[in-house]
Each structure stands twice: as C-alpha cells, then as structure tokens.
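The structure under discussion appears below in the form of structure tokens.
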Amino acid sequence: MDDDLKKPSENGSNLFEDLKRQLNDVFGSSTGKFNFMPMLVEGKPAAQGQETNKEEEEIHEFIEKIRAFNMKPREVKDYLDRFVIKQHEAKKVLAVAICDHYNHVKQSLNDKNTQDKEYSKQNVLLLGPTGVGKTYLIKNVAKLIGVPFVKVDATKFSETGYVGSDVDDMIRDLVKSANGNTEMAKFGIVFIDEIDKIATSSGIEGRDISGRGVQINLLKLMEDSDVSLFSQTDVMSQIKAAMSMGGDKKSTTINTKHILFIASGAFDKLTDIIKTRVGARSIGFNLQKSREVDDSYEFLKQASTADFIKFGFEPEFAGRLPVRVACEPLKANDLRDILASSEGSILKQYLDDFAGYNIELSVSDEAIAKIAELASEEKTGARGLLTILERLFRDFKFELPSTDIGKLEVTEACVDDPEAGLNKILGKWT
Ligand SMILES: Nc1ncnc2c1ncn2[C@@H]1O[C@H](COP(=O)(O)OP(=O)(O)OP(=O)(O)O)[C@@H](O)[C@H]1O
Ligand SMILES: [Mg+2]
C-alpha cells in the first residue's frame with residue numbers, strides 16, 4: 001500500500017495527493033470532524049502552532065511531574081481512605097504497587113542505566129464480587145497520580161480482532177483518554193475488567209476457544225511491546241495511518257513498558273477450586289463458616305498460581321499478574337459508611353440533583369441505616385445503594401421540582417414507604 005500511495009498517477013501527482021484531495025472534498029473541514037489538512041500541509045497554520053506549543057508544555061509538565069514522583073504508600077492509602085470504605089488490604093497492596101511502579105518509571109526517566117536493568121512490572125490482579133470498589137479504587141488511584149486511565153472489558157477481545165476488538169485496542173483507547181497524547185499515555189494505567197472471562201477451562205462461563213489466544217496477546221502487551229496507533233481492522237484508522245505518512249513526523253507507535261496493567265474479576269469458580277484444595281486442611285474452618293452466606297473472600301485470599309492455572313489461566317499469563325489481592329464483600333454497616341462518610345458518596349449526587357431545583361435534601365441517620373440495610377439485601381455491593389436510592393427518590397424527583405417545596409427531610413418511615421412520604425409532603429403543600 002505504501003508504494004501505491006507514493007506512485008505518480010497519470011496526471012503527474014500521486015495517489016496519496018489524490019486521496020488527500022478526495023478525502024477533504026468528501027469530509028471537508030466543514031464537518032469539523034475530519035480535519036486532514038493540518039497533518040499534511042508543510043508548516044503548520046498559526047492556530048495549530050499555538051496548540052502544539054500548549055501540548056508540548058503540557059507534556060513537559062507531565063513528564064516533570066513523573067520525574068518528581070515521591071509519594072509514599074501510606075500517603076496513597078490515606079487518599080484512598082477518603083473515598084473507598086473498607087478494602088484495607090487491597091488499598092495497601094495497590095499503594096505499594098503504584099509507588100513501586102512510578103518510582104521505577106521515574107528512575108528510568110532520570111537514569112539511563114535503570115532502563116537496561118531487568119524489571120518485573122507490578123501488574124495487579126483484584127479479585128472480588130460485584131460492587132465492592134474494584135474499579136472505584138483504580139479510578140481514584142489514577143486521579144491521585146494524575147495519569148491517563150482507561151477501563152476496558154476483557155470480554156470484548158478476541159484473538160484475531162476480526163470479531164470483537166484485538167487487545168491492542170485497549171492501548172489505543174488509553175491514548176484516546178489522554179486526548180491523543182502518546183507521550184502521556186505511555187505512563188498511564190489500563191484497567192481490564194472481567195479478566196476471569198478469558199479463562200480457558202471448559203465449564204468456566206464466557207468464551208473458551210479464543211481465551212488462550214487473548215491471554216497470549218495480552219501477556220506480550222503487559223510486558224513491553226510496541227503498539228501501532230492505527231488499528232488494522234478499522235478503515236478510518238488505516239486512512240489516518242496513510243495520511244500520517246504524508247508529513248506528520250510524530251511516532252505512529254506507543255510502547256507499553258511503562259504502562260501499568262490492573263486486572264479484576266469476580267472469579268466465582270476459582271473459589272470452588274481453592275475450597276477443594278484447602279478444604280481437607282481446614283475442615284474445622286469450613287464447618288465454622290458453613291452457615292455464613294458468603295465465605296468466598298476467605299478463600300479468594302488464599303488463591304495461588306496453581307489455582308489460577310487450574311481455573312484456566314496460562315502459567316505465563318498468571319505470572320504477569322504477580323500482585324494479587326481479594327476485595328471484601330460489603331456488609332450493611334459498610335454501605336451505611338459509604339453513604340455517610342465516603343467523599344464520593346452517591347448520596348452527594350442526590351443532594352446536588354435536588355439542589356439543582358433549589359430543594360434542600362436531608363436524610364436522617366436512621367434513614368441512612370435503613371437504606372443501607374435494604375441495599376445489602378440486593379447482594380450487589382454498593383451498587384445496591386443506587387437501586388434503593390433510585391427507587392426511593394424516583395417520585396420525589398418527578399413531583400417536587402414543580403412545587404415550591406424547598407426542603408425534603410427523609411426519615412426512616414419515608415424509606416419504608418416513599419409513596420406515603422411523598423403524599424404527606426404534597427398534602428402539606430396543597
Ligand atoms: N468500598 C467502597 N467504598 C465507597 N464506595 C464504593 C465502594 N465500593 C463501591 N462503591 C461505590 O459503588 C460504585 C460501583 O463500584 P465499582 O464500580 O468499584 O464496583 P466493582 O467492584 O468494580 O464491581 P464490578 O465487578 O461489578 O465491576 C462506585 O462507583 C462507588 O460509588
Ligand atoms: Mg468494576
């Protein structure tokens with residue numbers, strides 16, 4: 001394709017020039033979406049020149065920040081404590097992994113010798129049920145460090161990328177989340193959710209055949225590989241790749257050496273594998289725990305590489321995720337704490353929603369406890385809070401903004417029977 005593009009066509013120009021002209025005719029800059037010219041013309045238009053300077057400044061600032069990284073694990077954990085309730089072990093493990101990783105990146109940037117040293121990346125595997133804060137932890141870590149972050153679902157990848165996406169897409173997504181800035185993206189964090197769904201053993205939920213292929217592709221990526229910024233299977237991307245040959249001097253690949261990978265999954269079936277392994281040695285423990293609803297945390301904590309291999313991970317793949325930690329299930333008390341004291345509490349969102357209509361919302365402690373209790377019955381972790389709050393506030397949100405009621409005080413009785421609560425407040429109003 002390269003040669004064809006450069007070959008002179010009959011009228012003396014070349015295919016590349018023709019393609020350029022045609023694309024601009026078709027898409028034009030009028031759509032605002034496709035703007036091929038700045039990449040192609042010699043010398044940049046003034047406005048773009050300014051933008052480039054700004055971008056360079058931004059990159060410079062970012063790299064300086066990484067060079068100056070000096071956070072301590074305790075500091076990272078203290079920050080996470082403000083947002084994430086419980087999960088102390090996960091917070092500790094993450095804090096150490098993050099500090100190790102960015103200290104190593106910093107050393108590589110500052111010292112050429114470090115670059116040549118062998119280094120095993122501290123990629124992390126988080127295990128645990130839905131809604132306990134796995135994604136939330138990583139989002140907050142990325143926010144604290146100030147690096148680009150992307151969350152992807154392992155289920156959407158296939159070995160070839162022809163059906164579904166290929167694993168390299170996650171790196172391109174990271175570049176997108178860094179506004180196309182590869183210099184920043186190469187120090188980012190990729191969070192791969194539902195990693196347990198690419199296990200290969202038959203009987204494990206999810207796809208089976210291509211799971212091994214995805215794991216193999218993924219493990220290369222997790223270590224150190226160059227990823228093209230242009231997808232092989234995306235036509236638009238191919239056109240852009242062709243255009244970039246015409247003058248854009250920027251790199252067309254991104255290296256993954258300094259990207260931190262954090263994977264997570266519920267690993268339900270893994271619990272059974274561990275139970276079988278440790279069962280014989282801990283019968284007393286099992287009997288003692290047997291009446292409890294969910295003891296999977298106690299087992300997931302003990303997961304070994306052999307368990308992951310039995311579960312359906314290739315040994316090399318399991319080896320690329322050396323830092324493993326299980327997240328605890330959340331009890332009603334924890335859900336209450338999330339509502340009452342997490343800085344990112346979903347309740348704050350509701351306060352803002354009502355404030356948008358000049359309604360002051362207040363929720364009593366007893367009402368909070370009741371909401372938490374109902375949410376824990378949902379068995380979806382903190383996600384249960386969303387369900388209960390949505391159900392509780394649905395009609396209030398619909399009716400109250402059209403009244404001149406300026407205050408909504410939610411009591412336990414109101415949580416028990418929102419309809420009655422609403423009628424009471426509307427009755428007072430009319
Ligand atoms: N431990 C926690 N502390 C505070 N808030 C939490 C906690 N766990 C969950 N939340 C809240 O619940 C929301 C959903 O949690 P999150 O996305 O982290 O779940 P998850 O563990 O990744 O679950 P899934 O396996 O379903 O992806 C978060 O955005 C956050 O608001
Ligand atoms: Mg998640």
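Counting starts at 1 for both ligands and their atoms, following the listed order. Atom set for the values below is all heavy atoms of this structure, side chains included, hydrogens, waters and symmetry mates excluded.
When non-hydrogen atoms are compared, ligand 1 lies under 4.0 Å from the backbone of T135 as well as from its side chain.
For ligand 1, the polar-atom distance check finds no N/O of Q87 at less than 3.5 Å from any of the ligand's N/O atoms. In terms of polar-atom proximity, defined here as any N/O pair under 3.5 Å, G133 does make such a contact with ligand 1. The N/O atoms of G344, backbone and side chain alike, include none that comes under 3.5 Å of an N/O atom in ligand 1. Taking distance alone, with nitrogen or oxygen atoms compared against 3.5 Å, V132 approaches ligand 1 more closely than that limit. Residue S342 has no nitrogen or oxygen atom sitting less than 3.5 Å from a nitrogen or oxygen atom of ligand 1, judged on distance alone.
Ion pairing of R394 with E390 is present here, as a side-chain N (NZ or NE/NH1/NH2) and a carboxylate O approach within less than 4.0 Å. Taking a cutoff of 4.0 Å between a charged side-chain nitrogen and a carboxylate oxygen, K220 and E223 do not qualify as a salt bridge. A salt bridge between R67 and E64 is present, with a side-chain N of the basic residue lying under 4.0 Å from a carboxylate O of the acidic one. E314 and R212 are joined by a salt bridge, as a carboxylate oxygen and a charged side-chain nitrogen come within less than 4.0 angstrom of each other.
For the salt bridge (Lys or Arg N to Asp or Glu O under 4.0 Å) test, no residue two or more places apart in sequence or in another chain qualifies with D226.
Nearest non-hydrogen protein atom to atom 23 (O) of ligand 1 is G131 N, 2.8 Å. Closest to atom 24 (P) of ligand 1, if we only count protein heavy atoms, is R383 NH2, 3.3 Å. In this structure, the protein non-hydrogen atom closest to atom 26 (O) of ligand 1 is T130 OG1, 2.5 Å. Of all protein heavy atoms, the one lying nearest to atom 5 (N) of ligand 1 is Y136 CE2, 3.6 Å. The nearest heavy-atom contact from the protein to atom 7 (C) of ligand 1 is I338 CD1, 3.7 Å. Closest to atom 10 (N) of ligand 1, if we only count protein heavy atoms, is A382 CB, 3.4 Å.
At least one test fails for K106 against the ring of F187: distance under 6.0 Å to the centre or angle within 45° of the axis.
Within the structure, ligand 1 lacks G381 among the residues with a heavy atom less than 4.0 angstrom away.
Ligand-side atoms of ligand 1 in range of I85: 1 (N), 2 (C), 3 (N), 4 (C), range being under 4.0 angstrom from any heavy atom. For ligand 1, the atoms lying closer than 4.0 Å to a non-hydrogen atom of F83 are 3 (N), 4 (C). Those atoms of ligand 1 with a heavy atom of D193 less than 4.0 angstrom away are 27 (O).
Distances from the Mg ion (ligand 2) to each N, O or S atom of D193 single out OD2 as the nearest.
The Mg ion (ligand 2) has no N, O or S atom of T130 inside 2.8 Å of it.
N217 places no side-chain N or O within 3.5 Å of a backbone atom of V214 that could act as its donor or acceptor partner. Counting only distance, with no hydrogens or angles, the side chain of K370 and the backbone of C414 share no donor-acceptor pair below 3.5 Å.
The neighbour count for K397 NZ, taken as heavy atoms of other residues, nucleotides or ligands under 6.0 Å away, is above 12. Other residues, nucleotides and ligands place more than 12 heavy atoms under 6.0 Å from the NE2 atom of H88. Heavy atoms from other residues, nucleotides or ligands lying under 6.0 Å from CD of E61 number 12 at most.
Between K139, K134, E328, it is K134 that holds the heavy atom closest to atom 25 (O) of ligand 1.
Relative orientation of the F313 and F267 rings is perpendicular, given thresholds of 30° and 60° on the angle between their planes.
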